[in-house]
Amino acid sequence: MLDPKLLRNQPEQIAAQLGRRGFELDVEQLTRLEAERKQLQVQTQQLQNERNSSAKAVGQAKTKGEDIQPLLQAVSELKLRLEAAETRLNELQDELNSIAMGIPNIPHEDVPDGTSEDDNMEIRCWGELPEFDFEPRDHVELGAALGQMDFETAAKITGSRFSLLSGPLARLHRALIQFMLDLHTGEHGYTETYVPYLVNADSLRGTGQLPKFEQDLFRLVGEHEYYLTPTAEVPVTNILRDTIIDADEMPRKYVAHTPCFRSEAGSYGKDTRGMIRQHQFEKVEMVQAVHPHESWQVLDQLVNHAEIVLQKLELPYRVVALCAGDLGFSAAKTYDLEVWLPGQQKYREISSCSNFGDFQARRIKARWRDPDTGKPELVHTLNGSGLAVGRTLVAIMENCQQKNGTFRVPEELLKYMGGVEVVEPG
RNA sequence: GGAGGGUUGGCUGAGCGGUUGAAAGCACCGGUCUUGAAAACCGGCAUGGGUUCACGCCCAUCCAGGGUUCGAAUCCCUGACCCUCCGCCA
């Protein structure tokens with residue numbers, strides 16, 4: 001959520017900034033509702049004041065043993081007026097609140113202009129693209145030839161956009177998770193966390209998936225209003241909901257491995273082949289809550305932490321800055337890491353690292369106590385994938401493939417693979 | 001699934017329907033004392049909103065939402081969550 005004061009005081013400037021990401025803010029409606037709210041709030045508070053003081057007067061008269069009947073008569077009509085004012089004020093505030101909850105974050109001034117992913121800006125590249133003296137295959141072909149990746153059976157068990165791995169390939173998938181968690185906890189200072197995979201609506205509102213993006217989520221039928229988590233960002237960031245962090249416990253750095261579930265409604269024709277876009281995938285996610293003045297610097301660190309995973313796996317990638325039109329709802333700025341996939345001859349997103357500023361913190365009331373002022377102040381939150389596990393597996397298969405259809409296991413993963421150096425048909 | 005108990009400020013924890021935003025303690029901040037520190041003593045210390053140049057004043061908030069009442073932390077209803085015991089269960 002944006003700062004309501006800012007929204008009130010300079011709606012035109014905000015509208016202009018939101019326009020960069022293609023969001024149209026109805027300034028006229030906002031200022032009209034806001035003016036009405038203000039007037040009504042003052043009126044309601046006056047009536048409340050009258051009610052409070054007359055109730056006190058009744059109390060005092062009663063203790064003195066005076067007759068309270070005349071006083072009671074005087075307030076009888078006040079009550080009705082107050083009720084009407086309160087009801088209308090509540091409606092108005094609900095309306096304003098739901099508008100505010102639907103407004104995305106303001107893009108940071110550094111964010112490049114643009115309307116779609118085509119306008120994203122390449123920041124840097126790392127690694128050499130592999131050269132093959134044969135026609136490289138994609139992970140679907142490779143996986144099928146190995147007999148360790150099976151989409152038909154997954155479709156039988158569940159449906160489309162699920163996958164079944166077996167043998168060394170399944171182990172490699174697990175190895176990647178271990179490797180990433182060990183790296184981020186051991187070398188980057190994150191605290192490993194295990195979190196619920198089902199989340200409630202409050203948590204989803206807190207990070208910004210609700211109210212606007214319900215269609216992207218799997219919702220459970222039953223007694224509780226629970227959703228399958230679409231990313232560890234949701235449960236992990238909400239650890240801090242309604243909390244005040246002591247200054248000496250800042251920053252908070254969490255890393256979690258979770259499955260992620262996405263309905264992918266609206267992406268029907270997209271990436272139908274292979275493991276790239278699944279309803280269920282694993283991700284290792286880094287989440288930080290930091291001092292407001294540090295978040296831009298921390299974003300660079302976060303990107304670096306994700307990059308190190310790719311570097312250690314020797315996978316070529318590039319870093320792009322998302323343009324304003326491609327930013328997620330809650331993000332002020334986002335860098336994507338895109339890994340090279342020889343099977344597609346393309347860079348594909350494998351990590352997304354964002355600074356949310358105080359946007360999520362305001363929604364979840366995540367604050368820290370500033371030792372200088374002694375006052376609670378909103379933190380800034382950030383998160384980044386470190387990395388998407390399924391896509392990393394795909395990238396390794398495709399980049400490390402050999403002419404005979406096998407592929408080499410990257411050096412860094414050997415200790416997790418129980419002696420398997422080359423994945424070959426079992 | 002059955003039966004009870006609970007939810008109050010950063011934390012612990014009082015609270016009779018009436019001037020209680022809320023006792024007390026802890027923590028924290030400032031001061032006195034001290035070579036310094038501790039202890040002791042004194043003072044301060046919730047959040048959000050409205051209004052004001054400012055001092056301040058006003059409103060809301062004691063899990064959430066309804067209700068009763070001139071007046072609700074306190075009474076009633078519904079819900080969420082937590083705890084204890086029994087049953088079931090990885």
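Just so you know, these numbers use all the heavy atoms, side chains as well, and skip hydrogens, waters and symmetry mates. Naming convention: chains lettered A, B, ... in sequence-line order (proteins, then strands); numbering from 1 in each chain. What you see is a predicted model; the values in this text were computed from it and never measured.
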Nearest to the side chain of [X], which nucleotide is it out of [options]?
| X | options | value |
| --- | --- | --- |
| A:Gln45 | B:G10, B:A60, B:G50 | B:G50 |
| A:Pro376 | B:G49, B:U47, B:G71 | B:U47 |
| A:Gln41 | B:G50, B:U19, B:A60 | B:G50 |
| A:Gln48 | B:G48, B:C70, B:A60 | B:A60 |

In Watson-Crick or G-U wobble terms, both distances under 3.5 Å, what is the partner of B:C81?
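B:G6 is the nucleotide pairing with B:C81.
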side-chain N/O [X] vs [N] OP1/OP2, d < 4.0 Å:
| X | N | answer |
| --- | --- | --- |
| A:Lys375 | B:U47 | yes |
| A:Arg8 | B:G50 | yes |
| A:Lys38 | B:U51 | yes |
| A:Asn200 | B:A80 | no |
| A:Arg51 | B:A60 | yes |
| A:Asn49 | B:C58 | no |
| A:Asn52 | B:G71 | no |

Find the distance [X]:[atom1] to [N]:[atom2] and express it as a whole number of Å.
| X | N | atom1 | atom2 | value |
| --- | --- | --- | --- | --- |
| A:Lys62 | B:U19 | NZ | P | 13 Å |
| A:His224 | B:G79 | NE2 | P | 13 Å |
| A:Asp202 | B:G65 | CG | C1' | 14 Å |

Which whole number of Å gives the distance between the C1' atom of B:U8 and that of B:A64?
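Comparing C1' positions in B:U8 and B:A64 gives a spacing of 15 Å.
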Check every strand shown and say whether A:Val58 touches a base, only sugar-phosphate, or nothing at a heavy-atom separation below 4.0 Å.
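A:Val58: base contact, heavy atoms under 4.0 Å.
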Pairwise 5' ranking along RNA chain B for A:Gln46 and A:Gly374, keeping only the more 5' one:
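With A:Gln46 and A:Gly374 compared, the 5'-side residue is A:Gly374.
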